[in-house]
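Worksheet for the structure shown next.
Keep in mind the model is a prediction, meaning the values are calculated, not measured.
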Amino acid sequence: MIMARDLAGKTLFITGASRGIGLAIGLRAARDGANVAIAAKTAEPHPKLEGTIHTAAAAIEAAGGRALPMVVDVRDEEAVKAALARTAETFGGLDIVVNNASAISLTPTPQTDMKRFDLMHGINARGTYMVSKYAIPYLQKAENPHILMLSPPLDMAEKWFAPHLAYTMAKFGMSLCVLGLAGELRPAGIAVNALWPRTTIATAAVKNLLGGDALMQASRTPEIIADAAHAVFVKPARTFTGQFLIDDSFLAGEGVTDFSKYRVTPGVALAPDFFVPDASIPPRDALA
């Protein structure tokens with residue numbers, strides 16, 4: 001099974017943590033007794049989106065962690081700097097940064113307006129770069145510091161770019177941050193890795209933007225990403241860095257054999273996610 005070490009007393013800064021994958025990662029850490037800074041934009045209930053920074057904070061604390069909810073737009077430089085400083089001041093430091101916030105628009109080039117292009121690049125690529133940049137001084141003081149991007153392997157295949165060029169560029173921008181920062185920060189002992197799902201994950205984006213309830217039923221739950229992220233965070237930062245991980249393959253390597261618990265609906269064929277390289281083979285029986 002996953003390593004027995006835990007995240008008790010560790011402090012995580014998670015962007016986009018008011019719901020979905022970001023919240024699931026926070027809850028998994030909270031069960032260890034971790035501190036979780038919830039950096040997201042939703043402070044008031046949204047008609048189409050479940051959860052706010054306040055409901056997320058309540059869930060984190062109910063799970064056994066300490067929460068710090070903050071309204072943060074990752075495109076706002078001063079807001080990012082202030083949120084990281086407040087996190088370190090509140091909890092006495094910073095150990096883990098999760099760049100989860102992301103914007104998506106699966107439109108071909110003629111139908112992609114530049115405002116949407118700028119939004120995706122501002123949140124995905126620039127936001128990831130900026131949060132990571134301003135987190136470095138805090139992470140340098142941590143015992144086992146990690147930066148994790150929720151971004152795909154750098155599989156430079158035309159099929160990923162042609163249907164939705166602007167989105168792919170923005171997501172691969174996050175992954176380029178992994179490639180560069182892993183090398184740049186290796187001498188400082190700060191790990192930088194990427195984690196990506198093999199299948200679609202049951203999130204608001206999948207329900208509202210990609211495929212509705214039918215695709216939700218063919219998805220895995222965010223807990224598979226949360227468990228994989230936890231397994232990354234307990235790895236030694238000085239030696240486990242620069243990795244582009246697919247959730248089920250990585251967990252299989254950590255000893256997980258039962259993937260059925262992550263299915264939204266047992267018996268429904270799982271839908272593949274974007275950007276998984278053809279050469280990536282799922283663990284035996286993982287998709288059965």
Side-chain angles (χ1 to χ4, degrees), residues 3 5 7 10-16 21-22 25 37 39 74-75 77 80-81 83-84 87-88 93-102 120-157 160-161 167-198 225 228-247 249-251 253-254 273-280:
M3 296 171 62
R5 293 172 58 196
L7 302 178
K10 300 289 188 180
T11 297
L12 291 77
F13 183 95
I14 307 176
T15 66
I21 290 171
I25 292 173
V74 297
R75 296 170 295 173
E77 185 174 9
V80 166
K81 291 164 67 175
L84 287 164
T87 300
L94 178 62
D95 301 282
I96 295 163
V97 169
V98 181
N99 286 296
N100 168 68
S102 188
M120 289 191 287
H121 284 259
I123 293 175
N124 301 5
R126 184 177 182 273
T128 292
Y129 179 93
M130 186 162 64
V131 170
S132 302
K133 164 188 167 67
Y134 287 121
I136 290 170
Y138 303 103
L139 294 173
Q140 286 174 327
K141 302 173 184 178
E143 180 184 359
N144 193 47
H146 283 266
I147 300 175
L148 182 69
M149 301 358 168
L150 273 298
S151 67
L154 286 167
D155 184 31
M156 295 296 176
W160 303 133
F161 289 83
Y167 173 64
T168 302
M169 290 171 65
K171 287 306 291 188
F172 275 46
M174 296 176 71
S175 297
L176 288 171
C177 287
V178 175
L179 187 65
L181 288 174
E184 183 178 354
L185 301 179
R186 186 175 286 110
I190 300 173
V192 187
N193 295 291
L195 177 61
W196 192 247
R198 183 177 302 280
I225 300 293
H230 184 278
V232 170
F233 301 149
V234 298
K235 293 284 189 184
R238 288 196 171 274
T239 56
F240 192 83
T241 189
Q243 304 290 314
F244 290 87
L245 307 165
I246 300 296
D247 55 0
S249 293
F250 174 57
L251 284 172
E254 295 299 298
D273 201 0
F274 304 116
F275 308 132
V276 178
D278 292 339
S280 177

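We find the CG-CG distance between Leu7 and Leu12 to be 6.5 Å, quoted to the nearest 0.5 Å. Between atom CZ of residue Phe233 and atom CD1 of residue Ile96 there is a gap of 5.0 Å, rounded to the nearest 0.5 Å. The line from CG of Asn100 to CZ of Phe13 is 12.0 Å long, rounded to the nearest 0.5 Å. The distance from atom CE of Met130 to atom CD of Glu77, rounded to the nearest 0.5 Å, is 6.0 Å. How far CG of Asn144 is from CG of Leu139: 11.0 Å, rounded to the nearest 0.5 Å. The line from CG of Leu148 to CD1 of Ile14 is 9.5 Å long, rounded to the nearest 0.5 Å.
Among residues two or more places apart in sequence or in another chain, the side-chain hydrogen bond (donor to acceptor under 3.5 Å, both in side chains) test is passed with Thr15 by none. In this structure Tyr138 satisfies the side-chain hydrogen bond (donor to acceptor under 3.5 Å, both in side chains) test with no other residue, sequence neighbours excluded. Qualifying ring pair (Phe, Tyr, Trp, His ring centres under 6.0 Å) partners for Phe172, counting only residues two or more places apart in sequence or in other chains: Phe161, Phe275.
Residue pairs that meet the salt bridge (charged side-chain N to carboxylate O under 4.0 Å, His left out) test with at least one member in residues 168-182, sequence neighbours left out, do not exist here. Residue pairs meeting the salt bridge (charged side-chain N to carboxylate O under 4.0 Å, His left out) criterion with at least one member in residues 125-143, sequence neighbours excluded, are Lys10-Glu143.
When all heavy atoms of Ser132 and Asn99 are compared, the pair lying nearest together is OG-ND2, 3.1 Å. In plain terms, the two heavy atoms of Met174 and Ala125 that are nearest each other are CG-N, 4.2 Å. Heavy-atom minimum distance, Asp95 versus Ala142: OD1-CB, 3.6 Å.
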Checklist line | Criterion side-chain contact (heavy atoms from CB on, under 4.5 Å) on Phe274 and Thr168, from CA distance to verdict | finding: CA-CA 9 Å; Phe274 304 116; Thr168 302; over 6 Å; no

Applying side-chain contact (heavy atoms from CB on, under 4.5 Å), run through Ile123 and Arg75 and close with a yes or a no.
CA-CA 6 Å; Ile123 293 175; Arg75 296 170 295 173; 3.8 Å; yes

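The side-chain heavy atoms of Lys235 and Glu254, taken from C-beta on, include a pair separated by under 4.5 Å. Using a 4.5 Å heavy-atom threshold, the side chains of Pro153 and Trp196 count as touching. You'll find the side chain of Asp247 reaches within 4.5 Å of the side chain of Arg198, heavy atoms only. The closest side-chain heavy-atom distance from Thr128 to Asn124 is not below 4.5 Å.
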Got a list of side-chain donor-acceptor pairs under 3.5 Å for residues 176-195, not counting sequence neighbours?
{"residue": "Asn193", "atom": "OD1", "partner": "Gly242", "partner atom": "N", "Å": "3.1"}
{"residue": "Asn193", "atom": "OD1", "partner": "Gln243", "partner atom": "N", "Å": "2.8"}
{"residue": "Asn193", "atom": "ND2", "partner": "Phe240", "partner atom": "O", "Å": "3.1"}

